[in-house]
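Data block below; observations after.
The shown structure was predicted, so the numbers you read here are calculated from the model rather than taken from an experiment.
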Amino acid sequence: MNSPTDIELMQQLRAGSEAALRQLIERHRERLFRIAYGLLGDHDAAADAVQETFIRLWRHSRRYDPRQSLSTWLCTICARRCYDELRRRRRHYATAASLYTEAVNTDAMATEELLALLNNAVATLPPKQRVVYRLREIEGFSAEETAAATGMSADQVKANLCVARNKVREKLQRYGI
């Protein structure tokens, strides 16, 4: 027996099915958490953002347009929630320089260290650039999906992505990467 599609689960959810909501949560929470954690850099804040995303799904299920991917719609809700949180914080995370005070030898660097450097470089980006970079480069969203998720135009997404890539590249080059 095939598992129900997102559209079928959304129809059930609109009819009040808590079981459908549980299935949707199970199906989409990991990706949403990766996005939220990548944007917020805090486990508890990411978990809160994901929870809020599913609360909004429950409350506003009638707003969902089945012609749109549910995954993209949920990522849009989650990314906007994270973006709101980042704007509220109005602070930047510690830079990679504060975590790695010595020059790093790329040949000897473990994968975890490379990922840590990349994550720290991305974490220093301003909120708009961080959201765009995470969605495009890490989650693999298209420019159009990123625009929908952030409320930016496709041109704004491209411009923010270009600046973000350059900033990340500059930060990583400081460490010889």
Side-chain angles (χ1 to χ4, degrees), residues 21-61 64 69-102 104 109-143 145-152 156-157 159-175 177:
L21 178 62
R22 282 191 295 277
Q23 284 185 306
L24 289 168
I25 290 170
E26 189 64 32
R27 188 174 288 176
H28 295 282
R29 76 171 164 216
E30 285 182 33
R31 184 175 195 198
L32 294 176
F33 184 81
R34 278 195 322 268
I35 290 170
Y37 186 77
L39 293 172
L40 300 173
D42 177 86
H43 185 275
D44 292 336
D48 288 346
V50 172
Q51 181 178 10
E52 180 64 27
T53 299
F54 286 116
I55 289 170
R56 289 181 184 187
L57 172 67
W58 176 257
R59 289 183 181 159
H60 305 291
S61 62
Y64 171 67
S69 161
L70 180 65
S71 178
T72 300
W73 192 61
L74 288 172
C75 289
T76 298
I77 294 168
C78 187
R80 287 184 179 171
R81 170 68 183 86
C82 292
Y83 183 64
D84 289 346
E85 176 64 23
L86 290 170
R87 281 191 305 200
R88 274 193 287 277
R89 289 180 187 181
R90 295 212 184 266
R91 66 179 173 88
H92 294 283
Y93 293 96
T95 63
S98 68
L99 298 174
Y100 297 91
T101 56
E102 297 178 17
V104 178
M109 188 182 306
T111 302
E112 296 83 30
E113 291 174 295
L114 284 170
L115 289 173
L117 282 172
L118 175 62
N119 284 330
N120 285 315
V122 173
T124 64
L125 295 171
K128 281 185 183 180
Q129 293 168 11
R130 188 181 320 166
V131 169
V132 168
Y133 190 90
R134 285 276 174 196
L135 293 178
R136 291 280 288 137
E137 296 295 322
I138 297 170
E139 291 300 322
F141 277 37
S142 69
E145 290 171 326
T146 303
T150 59
M152 297 180 201
Q156 288 172 316
V157 166
N160 278 291
L161 181 60
C162 182
V163 172
R165 283 176 177 158
N166 288 334
K167 287 180 179 179
V168 168
R169 186 179 307 115
E170 287 172 10
K171 289 194 181 294
L172 293 177
Q173 284 175 345
R174 290 181 193 160
Y175 297 100
I177 298 172

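Classification of R22 and E26 as a salt-bridged pair fails, no side-chain N sitting under 4.0 Å from a carboxylate O. Checked for salt-bridge contact, R81 and E85 meet the test: a charged N lies under 4.0 Å from a carboxylate O.
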Could you walk me through whether K171 and R174 pass the side-chain contact (heavy atoms from CB on, under 4.5 Å) test, one step at a time?
-> CA-CA 5 Å; K171 289 194 181 294; R174 290 181 193 160; 3.9 Å; yes
Worked check of side-chain contact (heavy atoms from CB on, under 4.5 Å) between Q129 and V132 = CA-CA 5 Å; Q129 293 168 11; V132 168; 5.8 Å; no
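In this structure, the side chain of R80 engages the main chain of A149 through a donor-acceptor pair within 3.5 Å. Using modelled atom types, no side-chain atom of R165 and backbone atom of E137 make a donor-acceptor pair closer than 3.5 Å.
Going from atom CZ of R29 over to atom OG1 of T53 covers 13.5 Å, rounded to the nearest 0.5 Å. Note that CG of N120 is 11.5 Å distant from CG of L125, once rounded to the nearest 0.5 Å. Rounded to the nearest 0.5 angstrom, L32 CG and C78 SG are separated by 5.0 Å. Atoms CG and CD1, from D48 and I55 in turn, are 9.0 Å apart once rounded to the nearest 0.5 Å. For the atom pair CH2 of W73 and NE2 of H60, the computed distance is 8.0 Å after rounding to the nearest 0.5 Å. Distance check: L70 CG to R27 CZ gives 9.0 Å after rounding to the nearest 0.5 Å.
Here the side chains of Y64 and L57 are not in contact, with every heavy-atom distance at 4.5 Å or above. The closest side-chain heavy-atom distance from E145 to L135 is not below 4.5 Å. The side-chain heavy atoms of Y83 and T150, taken from C-beta on, include no pair separated by under 4.5 Å. Contact annotation: the side chain of S71 approaches that of R31 to within less than 4.5 Å [non-hydrogen atoms, C-beta and beyond].
The shortest heavy-atom contact between C82 and L39 is CB-CD1, 3.8 Å. Annotation for F54 and L24: closest pair CE2-O, 4.0 Å, computed over non-hydrogen atoms. Nearest heavy-atom pair, L118 versus Y133, reported as atom, atom and distance to 0.1 Å: CD1-OH, 3.9 Å. Taking every heavy atom of both residues into account, R136 and A143 meet most closely at NH1-N, 3.4 Å. Of all heavy-atom pairs between A47 and F33, the closest is N-CE1, 3.8 Å. Of all non-hydrogen atoms in V168 and V122, the two that sit nearest each other are CG2-CG2, 4.0 Å.
When the shell of 6.0 Å around CD of Q173 is examined, it contains more than 12 heavy atoms from other residues, nucleotides or ligands.
In this structure, a donor-acceptor pair under 3.5 Å is absent between the side chains of N160 and R130.
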